[in-house]
Protein chains: 2
Amino acid sequence: MTRPTSRDVAAAAGVSQATVSLVLGDKWRGRVSERTAGLVREAAAHLGYRPNLAARNLRLGTTRTALLVVPALTNEFFARVYTGAARVAAAHDFGVVLYPSPDGTGPARDPFASARAALDGVIASSMATDALTALGGDGLPLVMLDSDPTAPGAAAHVNLAMADGTRQVTEHLLALGHRRFLHLASAVDSWTFDIRAEALSALLSPSAELRTVRAPLTVHGARTATEAALAAPGDRPTAIVCDDDILAAGACKAARRLGLRVPDDLSVTGFDDLALATAVEPELTTVRLPAERVGEHGMAALLAVLDGTPWTAPDLPVTLVVRGSTGPAPTR
Amino acid sequence: MTRPTSRDVAAAAGVSQATVSLVLGDKWRGRVSERTAGLVREAAAHLGYRPNLAARNLRLGTTRTALLVVPALTNEFFARVYTGAARVAAAHDFGVVLYPSPDGTGPARDPFASARAALDGVIASSMATDALTALGGDGLPLVMLDSDPTAPGAAAHVNLAMADGTRQVTEHLLALGHRRFLHLASAVDSWTFDIRAEALSALLSPSAELRTVRAPLTVHGARTATEAALAAPGDRPTAIVCDDDILAAGACKAARRLGLRVPDDLSVTGFDDLALATAVEPELTTVRLPAERVGEHGMAALLAVLDGTPWTAPDLPVTLVVRGSTGPAPTR
DNA sequence: CCCGTCGAGTTATACGTATTACCCCGGCTG
DNA sequence: CAGCCGGGGTAATACGTATAACTCGACGGG
C-alpha cells in the first residue's frame, strides 16, 4: 500500500539497490549491462516507482528548487514573471515555488516555513527594501528583481529601465503639448516609485506642472483617488501618468464619470502593458515591460550565483506603446 | 560556511542532537529542563539554524505539501484559487506548490518532476478529463476542482453551481426580452463548457434562438470571433452569453467596432467577476464565482482525504451580479 | 603462470532529522 | 536497605537515495 522504493524495484529486478539507482540516474554507461538496465527499467515501470524527492534532496544536498517571492499573484505582471522564471528553471531541471508575500490575505508570515519545500535560493520581486532585508538573514542566495540595487544582501539584481520608460512616456506627452501633469502611483512604497517620480520631476521641471497622487493598486481605488484629484481647485491636469495599467484604467473611469473624454480632454498613460490595457476603451498608451524576461533573467541570475559564476546584465529595456488613450493637449 | 545542522546547535549548547530536536520540535514538556531548553534555543538563534526540510520530510515520511495544477496563472481566477488554497494550507501547516499545466509557454511536461518538491497530494483545477487521468496514475491522492465528477481517479471533488449560474444569467436576459442568443465559449474543452452549454440550450429551446461560438480565451480572440459572428447573415443576436469575463470584454469591443452600443443594441454577460469586469465600460453583468472558496474547499478536501476522513460538500453557490452591460432587448 | 585490466555488479556509507528505547541518579516507600 | 519511580537527558536507529570503494571472474599480454 505504501509507495515502492528503489529497494523494491531492485528486488523485483533481481539486482541491488545501487544498480537501480545507477540505471535510473543514467549513470550506467559501462557499469551495467544493457540487459540488466532493461530489467530494472521494466521493474520500475511496472511498480510505478517514483524516486522519493525528499531522500534525493537530502542525499544530494541540493534541491534544485528556488523560491519566488511576489507581492500578489492576482497581478498579471507577477504571474508573467513567474512564467518566465519557471521556463528557465525547467530548462535547467529546476523547480520554482511561489510565495505570495503577505498582502493581507496571503498565507503565513514566514516564507521559508510557508513554502515548505527545501530551497536552494530565493528570488524576490518588487519588494520594498525593508521587506527584503527581512528575507536576507537566512543564508540563502538572494536575487532581487525590480528593487533598489544598493540594498544589501542581494547576490544579484535584475532591473527594468523604469526611468527610461518614464522618459519615453513623458516626452510623448510633452510632444503632444501637455504641460499640466498628474502622477498617479501605487500607495505601496517601492523602489520603482522613487525612480519614476524622480525621473518625472526631472523631466518636467521647471517647464511644466506636476502633482502626485497615490492610490491603492485597484481600479476602484484609482478611480476614487483620481476623481478627488480632478475635482480639486486650480487648473485641471491634461495628462495623467500612471505607474500601472490598473491605475490607468481607474483614471479613465474617473474621467468618464466627470464627463471628460479620453483622450480629447485628458490623456492617460499606463505601465506594464497588461491584458487590461487592450481590454478597456480607449486602449491604453502604456509602457510595455518584459515581465517574463524579468523572470527569466532572475532565474538565470540565481543559477549563475549558485554556480559561482559572476552575473551581471544591463537593465532590461522597456518600450512605449502608443494607443488611444493619449492625444494632443486640449487647446482650451 | 555551510548551513548549521542540529548537531552544530547541540555542540554549541552542550547537549545532544536529540535534545535539540526535542526542544525545537516543542516536544520537551517534562523531558528537558526549562534551563536547557533556553540554552538550546539561544544557540539555535545565534547560529541562525534552520532545520533541513529535506531531512525532516524524509524522516517524517510526509511533506505537508500539496501540488496545485492550474491551466494558466495569468488568469486571475486561478490566482485566486491558489490564494484560497494557500490560506487553508497555511492554517494547517501545509504548503502549496503550483504547477501551471502546459498552455504552450508553461514549464516541462511532467508535473511531478517539474514541481520538484516532494508531495503529499494533488489538487487539479478545471482540467479536461483526459488531462486529469494522465495525472491520476501515480498514487497520490487527487482532488479535482471544477471538473467532471464522474471522472475516475479523484478522491474528492469541488464544484461550482455552474448550471445554476447559467440559469440565473439566462433568466435575467429572458426577462429583459431577449430571444436571440449567442453563446461565446472558450476554445479549450472543459467540463464546465458542457455543463453550461447544456443548461443554456435547455433553458432556451424552443422559445429562443441559440448559436455557439468558441474563441481563444483572450480579449483579442474573443473580439475577432464575435465580429465574425455578428457579421454573419441572418438576424443578429441581441444577447451574448460569455463563459468568461475576458470573453465578454472582447465581445464588447467587437460590438463597439461594429457601431453597436452596449447595452442598448446588444447585451453582454460574463462569468467569474474578475477585476476586469469592473474595469471596462460599461461594467459587466456577470456571474460571480467564489474562486478563493474553491481553493479553500479544495485544500480542505485534500486534507480530509489525507486524514482518511470522508469529505463531501454541495456545489458552491454562484451569484448573478447585474451591472451595466445588460439591458432591455432592442424593440427594433 | 602471474599480473593487470576491464566489465558488471555489490556493499557500505552518509546526508540531517525525529523518535524510540535506554541510562543514570536522587529521592521516596516499604 | 532493596526496590521503584520519575526527572533529565543520551545513544541508536531508520527514513530512501546516490555514490565511492570494493569484489569477483574472465581475459590478454608478457
Side-chain angles (χ1 to χ4, degrees), chain A residues 2-41 43-44 47-65 93 112-113 116-120 139, chain B residues 2-41 43-44 47-65 93 112-113 116-120 139:
Chain A
T2 170
R3 292 175 75 90
T5 74
S6 62
R7 226 179 304 271
D8 297 330
V9 175
V15 299
S16 75
Q17 180 266 330
T19 303
V20 172
S21 190
L22 288 175
V23 171
L24 269 41
D26 241 20
K27 296 219 153 33
W28 56 283
R29 354 220 155 216
R31 323 244 308 114
V32 176
S33 73
E34 195 80 44
R35 206 181 69 87
T36 310
L39 254 49
V40 168
R41 276 191 288 256
L47 293 178
Y49 169 72
R50 295 272 182 177
N52 180 317
L53 272 305
R56 168 181 299 185
N57 290 341
L58 174 57
R59 170 68 229 242
L60 295 179
T62 178
T63 63
R64 303 190 80 76
T65 299
D93 195 24
F112 305 103
R116 301 196 49 89
L119 303 171
D120 278 358
Chain B
T2 170
R3 290 174 76 89
T5 74
S6 62
R7 224 178 306 268
D8 297 331
V9 175
V15 299
S16 74
Q17 179 268 329
T19 304
V20 172
S21 190
L22 288 174
V23 171
L24 268 40
D26 240 20
K27 296 219 153 36
W28 57 283
R29 356 223 152 212
R31 322 240 313 112
V32 176
S33 72
E34 194 80 45
R35 205 183 69 88
T36 309
L39 255 48
V40 168
R41 277 192 288 256
L47 293 177
Y49 169 71
R50 294 271 181 178
N52 179 317
L53 273 305
R56 168 181 296 182
N57 290 340
L58 174 59
R59 171 67 229 241
L60 295 180
T62 179
T63 63
R64 304 190 80 79
T65 299
D93 195 25
F112 304 104
R116 300 196 49 91
L119 303 171
D120 278 359

Atom [atom1] of [X] to atom [atom2] of [N]: distance rounded to whole Å?
X       : N      : atom1 : atom2 : answer
B/Arg31 : D/dT10 : CZ    : C1'   : 10 Å
B/Asp26 : C/dT17 : CG    : P     : 17 Å
A/Gln17 : C/dA14 : CD    : C1'   : 13 Å
B/Leu22 : D/dT10 : CG    : P     : 10 Å
A/Asp8  : D/dT17 : CG    : C1'   : 13 Å
A/Leu58 : D/dA14 : CG    : C1'   : 12 Å
A/Leu60 : D/dT19 : CG    : C1'   : 10 Å
B/Arg56 : C/dT17 : CZ    : P     : 9 Å

Checking contacts here: which listed nucleotide ([options]) is nearest the side-chain heavy atoms of [X]?
X       : options                : value
B/Ser33 : C/dT11, C/dG9, D/dG8   : D/dG8
A/Arg7  : C/dT10, D/dT17, C/dA21 : D/dT17
A/Val32 : D/dT17, C/dG9, C/dG16  : C/dG9
B/Asn52 : C/dT17, D/dG16, D/dA12 : C/dT17
A/Tyr49 : D/dT19, D/dG9, D/dT17  : D/dT17
A/Ala18 : C/dT19, C/dA12, C/dG9  : C/dA12

Contact class for [X] vs. all strands (heavy atom < 4.0 Å): base, sugar-phosphate, or nothing?
X       : value
A/Val20 : nothing
A/Ser21 : base
B/Thr5  : sugar-phosphate

Reckon [X] has a side-chain N or O less than 4.0 Å from the OP1 or OP2 of [N]?
X       : N      : result
A/Ser16 : C/dT10 : yes
B/Thr19 : D/dG8  : no
A/Ser6  : D/dT17 : yes

Q.
Is it the case that the side chains of B/Asp120 and B/Thr63 hold a donor-acceptor pair, with the cut-off being a distance below 3.5 Å and no angle test?
A.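 Yes, because at least one side-chain N or O of B/Thr63 sits under 3.5 Å from a partner of the opposite role on B/Asp120.
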
(Q) So, taking the atom named CG in B/Leu47 and the one named OG in B/Ser6, what distance separates them when rounded to the nearest 0.5 Å? (A)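 It comes to 11.5 Å.
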
Q) How about A/Leu24 and A/Val40: do any of their side-chain heavy atoms sit closer than 4.5 Å? A)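 Contact flag for A/Leu24/A/Val40 side chains = yes.
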
Q | Check: A/Trp28 and A/Glu34 side chains under 4.5 Å, non-hydrogen atoms | A |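 The answer is yes, as the side chains (C-beta and beyond) meet within the 4.5 Å cut-off.
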
Q: Tell me, with the steps shown, if A/Val15 and A/Leu39 meet side-chain contact (heavy atoms from CB on, under 4.5 Å).
A: CA-CA 9 Å; A/Val15 299; A/Leu39 254 49; 5.9 Å; no

